[in-house]
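It should be emphasised that the depicted structure is a prediction, and the values quoted were computed from it without experimental measurement. Protein chains get the first letters and strands the later ones, always in sequence-line order, with residue 1 at the start of each.
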Amino acid sequence: MTTLRFEDGTVHVDGDPDVGAALADLSSVEADPRSGGYRAPAMQYAAIRDALDAAGLNYDDRVAATTHSGLALTTTYDLREYQRAALDAWLDGDSRGVIELPTGAGKTVIAVAAMVAHSVPTLVVVPTIDLQDQWIRELETEFDVPVGRFGGGEQRQEALTVSTYDSAYLRADDVGGDFGLVVFDEVHHLGGAGYQDIPRFLTAPARLGLTATFERPDDAHEQVAELVGPRVYELAVDDLAGDHLADYEVRRIEVELTAEERGTYDEAQETFVNYLRTSGLSMQSGSDYQKLVMRSGTDPRAREALLAKQRARDVMMNSDAKVDKLARLLARHRDDRVIIFTASTDLVYRIARRFLVPPITSETGTKERREILTRFRDGTYDTVVAANVLDEGVDVPDANVGILLSGSGSEREFTQRLGRILRPKADGSTALLYELVSVETAEERVAERRR
DNA sequence: GTAAACACCAAGGCCTTATGTGCT
DNA sequence: AGCACAATCTCTCTTGGTGTTTA
């Protein structure tokens, strides 16, 4: 009798001599000389079953034995029209694929509906402890069953388990055969080479990815599509703005560097460009930047060029002129709820001191962080200033004005920050996002790239 | 005895911007 | 003429996990 079982992140097929022929079309299946059977990455489980079924072979599925435990999930939640459409698209795609929806569009409830539709043991994978807490709360109220946790110092498995990416990476080879459905929240994290072992080591045939920005500049989303499934549904912010999300407006404000900053910037930029010219390096693709980085290890002039570029960046992103402009914006929006975003922690603390605004950076402890956000929520604070901390994975209270003092060229970062001010307003008012850009610097291109 | 706080490590995403070279 | 494509260790910021110290 042929058996199918899970072991160390792989699926083993043993027994029947016809198995080899049945699986011949699956490229990732290898013969296992030790057992005389075959094995493949756990993610091939569904394909192997299909191949065995197609060949008319009987088998004892010991993976499924642990997977189907008679879970009966129900929900009372009514999906919005687009949420229903997204779910249907995913179900039609053989329950594999990624749904791309803006922050605040209710991705969680779609996952809940997917879990109801399948009613199998489910693993939810999330990037931060904060999100883990939110998911566990959500699932416990929705389903009234115990919810397990991998991460944050706890390793407890239940039929419904929520894990961090890091813990999932550590546990996947062990528990990878125990789930019938896996949900990847903020699925773009699977672009990281290490994390890609998580979906590889799981047998779960049903796979759902959720994100606000599927595509990545490094094209790693193509690998995500292989591991989780293709994008099956997408809506952009503009599709929901004014309806389920607030209307918004982006205003770019151009700022002149101060005379001193201009001097520093031009000098540093010239050092950088000069090196490029004399060294034969060109800045055309990402690999050229890597090349420069590589050379800087041995070539002092390359290192000087890199540092000069860094100086130029600092000047244009943290310009005093921006801080002065910020003073005017804050005065104008005295009665609004404002989040200020920057790219550097130094600038966060400079602003915090000058305007007496609570700062949040990676150095802010969890307790203090929670306290600041609570007071922002209840109205004690009208304004917070944050580095990259609030971009993703934190439940940030609603604001109606965002000020981008500095940021990277990342479209993802921009979308996430915009999403912070888009929760529908009670009075139907428009959310405002200011972008401060230093004129005649590389920042103009950076700002262009993220749109 | 326990939990919070801390320091440490590894990892991910980002960083640039218009030139030569070799191929078709 | 037009096109694709170059190659791997610096910086900054943030996070989770682990192990140790402190209260």
### Query
Can you name the side-chain hydrogen bond (donor to acceptor under 3.5 Å, both in side chains) partners of D239(A), sequence neighbours left out?
none
### Query
For S362(A), which residues count as a side-chain hydrogen bond (donor to acceptor under 3.5 Å, both in side chains) partner, sequence neighbours excluded?
none
#### Entry: nucleotides 1-13 of chain B: protein proximity per nucleotide (B base, S sugar-phosphate only, - neither; heavy atom, under 4.0 Å)
-----------SS
Between [atom2] on [N] and [atom1] on [X], what's the gap in Å once rounded to a whole number?
X: Q132(A); N: dG17(C); atom1: CD; atom2: C1'; value: 12 Å
X: M316(A); N: dT12(C); atom1: CE; atom2: C1'; value: 14 Å
X: R149(A); N: dG17(C); atom1: CZ; atom2: C1'; value: 14 Å
X: M317(A); N: dC11(C); atom1: CE; atom2: C1'; value: 11 Å
X: L170(A); N: dT18(C); atom1: CG; atom2: C1'; value: 11 Å
X: D130(A); N: dG16(C); atom1: CG; atom2: P; value: 8 Å
X: F272(A); N: dC11(C); atom1: CZ; atom2: C1'; value: 14 Å
X: F341(A); N: dC14(B); atom1: CZ; atom2: P; value: 16 Å

Should [X] and [Y] count as side-chain neighbours, where that means a heavy-atom distance under 4.5 Å?
X: I198(A); Y: F184(A); value: yes
X: I48(A); Y: L26(A); value: yes
X: Q132(A); Y: T164(A); value: yes
X: V120(A); Y: F179(A); value: no
X: E249(A); Y: R251(A); value: yes
X: V126(A); Y: W135(A); value: yes

For atom [atom1], what is the distance between [N] and [M], given to the nearest Å?
N: dA11(B); M: dT8(C); atom1: C1'; result: 16 Å
N: dT21(B); M: dC9(C); atom1: C1'; result: 25 Å
N: dT10(C); M: dA18(B); atom1: P; result: 25 Å
N: dA10(B); M: dT12(C); atom1: C1'; result: 16 Å

Just checking [X]: base, sugar-phosphate only, or nothing, at a heavy-atom cut-off of under 4.0 Å?
X: G153(A); value: nothing
X: G365(A); value: nothing
X: E186(A); value: nothing

### Message
Whether the side chain of R216(A) engages the backbone of H188(A) through a donor-acceptor N/O pair (distance < 3.5 Å, no angle test) should be reported.
### Response
yes
### Candidate pair T75(A) and V116(A), rule side chain to side chain contact (heavy atoms under 4.5 Å, CB included), full reasoning
CA-CA 7 Å; T75(A) 179; V116(A) 170; 3.7 Å; yes
### Message
For Watson-Crick and G-U wobble pairs within 3.5 Å on both distances, what is DNA chain B written in dot-bracket notation, | included for inter-strand pairing?
### Response
.|||||||||||......||||||
### Task
Return the minimal non-hydrogen interatomic distance between Q269(A) and A312(A), and the atom names on each side.
OE1-CB, 3.8 Å
### Task
For L131(A) and E186(A), work out which heavy atoms get closest and say how close.
CD1-CG, 4.2 Å
Please tabulate, one pair per line, each protein N/O and nucleotide N/O from nucleotides 13-15 of chain C that are separated by under 3.5 Å, including the distance.
residue	atom	partner	partner atom	Å
dC13(C)	OP1	T345(A)	N	3.3
dC13(C)	OP1	T345(A)	OG1	3.4
dT14(C)	OP1	N388(A)	N	2.7
dT14(C)	OP2	S362(A)	N	3.3
dT14(C)	OP2	S362(A)	OG	3.1
dT15(C)	OP1	R369(A)	NH1	3.0
dT15(C)	OP2	R369(A)	NH2	3.4

### Query
Mind checking whether Y195(A) and H189(A) have ring centres under 6.0 Å apart?
no
### Query
Are OP1 or OP2 of dC15(B) and a side-chain N or O of S408(A) less than 4.0 angstrom apart?
yes
### Message
Under 4.0 Å, heavy atom to any atom of DNA chain B: which of residues 307-315 of chain A qualify?
### Response
K309(A), R313(A)
### Query
For the side chain to side chain donor-acceptor pair (under 3.5 Å) test, which of D320(A), T342(A), T345(A) pairs with R350(A)?
D320(A)
### Query
Side chains of T128(A) and D130(A): do they bring a donor and an acceptor to under 3.5 Å?
no
